[in-house]
Amino acid sequence: MTGETTHRLGVLGSGKGSNFVAIAEACAAGSIPARVAVVLSDVAEAGILGRARALGIPAHYLPPGPYRTKLDEAAEAAYVAALKAAAVDWVLLAGFMRILKGAFLRAFPGRVLNIHPSLLPAFPGLEAWRQALEYGVKVTGVTVHLVDQGVDTGPIVRQGAVAIHDDDTPETLHHRLQQTEHDLYPAALNLLLSGQWAVRGRRVVGTGPAGKGGQPQP
Ligand code: GRF
């Protein structure tokens, strides 16, 4: 695979979709060799669906089934079918609030990416910015990682640090984290789409001239 291929991305989100917009804009600007082929949400009124439709990108609400934190088997199959119908080669989770396991991950082996608003392995799970603030750390950040069977545990592609200010509230901190997310997600995706990377333990490392270490050198 080379950087000249036009990849097809499927984006899953449950919320307002600011990361989706950052990725769609980077694709439109030609800074990512890809296009968003479809957006799926488990929340009928999620902002991400309206934002996708406004950009002319097919966007569908797919009911998640009876569980609160995961998709049931039938829903998982429906998500896989919609992504396959759109011929996507990478799946990006962008604020998708359900855990994806077994059958879904087997349908896109090594091709599911997530963004999490902390420096993993610190503060996995929900509202990571609030967890960081409550714990009292001075620095938190953002992690883009490949998705494996665990929760927020897959190989790390990129991380970006964000300082916590003494007067931060959960809202101000989350806002700054999101600004970092909007740069980090497209950058991480670019490395993966270049094909010039490998997984070493828990780390995705760049193997090409541009991506040494998978992370820009300080
Ligand atoms: C982001 O903060 C992301 O890290 C987390 O969910 C949020 C989604 O935000 N997983 P948006 O819908 O992309 O604006």
Side-chain angles (χ1 to χ4, degrees), residues 9-28 32 34 36 38-55 57 59-62 64 68-71 79 90-101 104-105 112-135 137 139-148 150-164 168-189 192 204:
L9 311 175
V11 179
L12 271 55
S14 309
K16 62 185 191 298
S18 67
N19 280 286
F20 151 71
V21 170
I23 287 162
E25 283 177 351
C27 291
I32 297 180
V36 180
V38 70
V39 171
L40 304 176
S41 182
D42 58 328
V43 177
E45 64 280 6
I48 191 171
L49 292 173
R51 294 176 102 163
R53 289 171 189 141
L55 293 172
I57 295 171
H60 311 293
Y61 161 64
L62 294 183
R68 212 168 45 84
T69 58
K70 62 176 186 176
L71 299 175
Y79 276 74
W90 280 89
V91 178
L92 311 183
L93 308 183
F96 190 64
M97 300 307 285
R98 287 168 194 272
I99 296 160
L100 296 169
K101 293 224 168 206
F104 188 98
L105 298 180
V112 183
L113 202 55
N114 184 40
I115 186 157
H116 182 79
S118 76
L119 294 175
L120 291 171
F123 311 124
L126 295 177
E127 297 201 325
W129 60 90
R130 195 182 298 275
Q131 294 184 51
L133 213 49
E134 284 172 3
Y135 190 93
V137 294
V139 177
T140 185
V142 173
T143 302
V144 178
H145 65 94
L146 293 168
V147 176
D148 66 9
V151 177
D152 301 327
T153 54
I156 291 171
V157 185
R158 285 221 167 168
Q159 290 188 305
V162 173
I164 294 183
D168 261 330
T169 64
E171 292 71 32
T172 59
L173 178 56
H174 190 208
H175 178 72
R176 281 205 315 292
L177 286 164
Q178 287 228 285
Q179 291 174 323
T180 296
E181 289 183 343
H182 300 160
D183 292 332
L184 204 75
Y185 215 168
L189 189 55
L192 295 179
V204 170

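For the numbers below, each heavy atom of this structure counts, side chains included, while hydrogens, waters and symmetry mates do not. As the structure lists them, so they are numbered: ligands from 1, and atoms in each ligand from 1.
For the 3.5 Å distance criterion, the side chains of H116 and S118 qualify, holding a donor opposite an acceptor.
Legend: residues meeting salt bridge (charged side-chain N to carboxylate O under 4.0 Å, His left out) with D152, ordered by chain and number and at least two apart, are absent.
The list of salt bridge (Lys or Arg N to Asp or Glu O under 4.0 Å) pairs with a residue in residues 112-128, not counting sequence neighbours, reads E127-R130. Note on residues 19-28: pairs passing side-chain hydrogen bond (donor to acceptor under 3.5 Å, both in side chains), not counting sequence neighbours, are N19-E181.
When every heavy atom of Y79 is checked against every heavy atom of L62, the shortest pair comes out as OH-O, 2.7 Å. Residues Q131 and G125 approach most closely at NE2-C, 4.0 Å, considering heavy atoms.
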Does ligand 1 have any N/O atom under 3.5 Å from a protein N/O, and what are those pairs and their distances?
residue	atom	partner	partner atom	Å
ligand 1	2 (O)	H174	NE2	3.1
ligand 1	2 (O)	Q178	NE2	3.3
ligand 1	2 (O)	E181	OE1	3.2
ligand 1	2 (O)	E181	OE2	3.0
ligand 1	4 (O)	E181	OE2	2.4
ligand 1	9 (O)	Q178	NE2	3.0
ligand 1	10 (N)	I115	O	3.1
ligand 1	12 (O)	K16	N	3.4
ligand 1	12 (O)	G17	N	2.8
ligand 1	13 (O)	S18	N	3.3
ligand 1	13 (O)	N19	N	2.9
ligand 1	13 (O)	N19	ND2	2.9
ligand 1	14 (O)	K16	NZ	3.2
ligand 1	14 (O)	S18	N	2.9
ligand 1	14 (O)	S18	OG	2.5
ligand 1	14 (O)	Q178	NE2	3.4

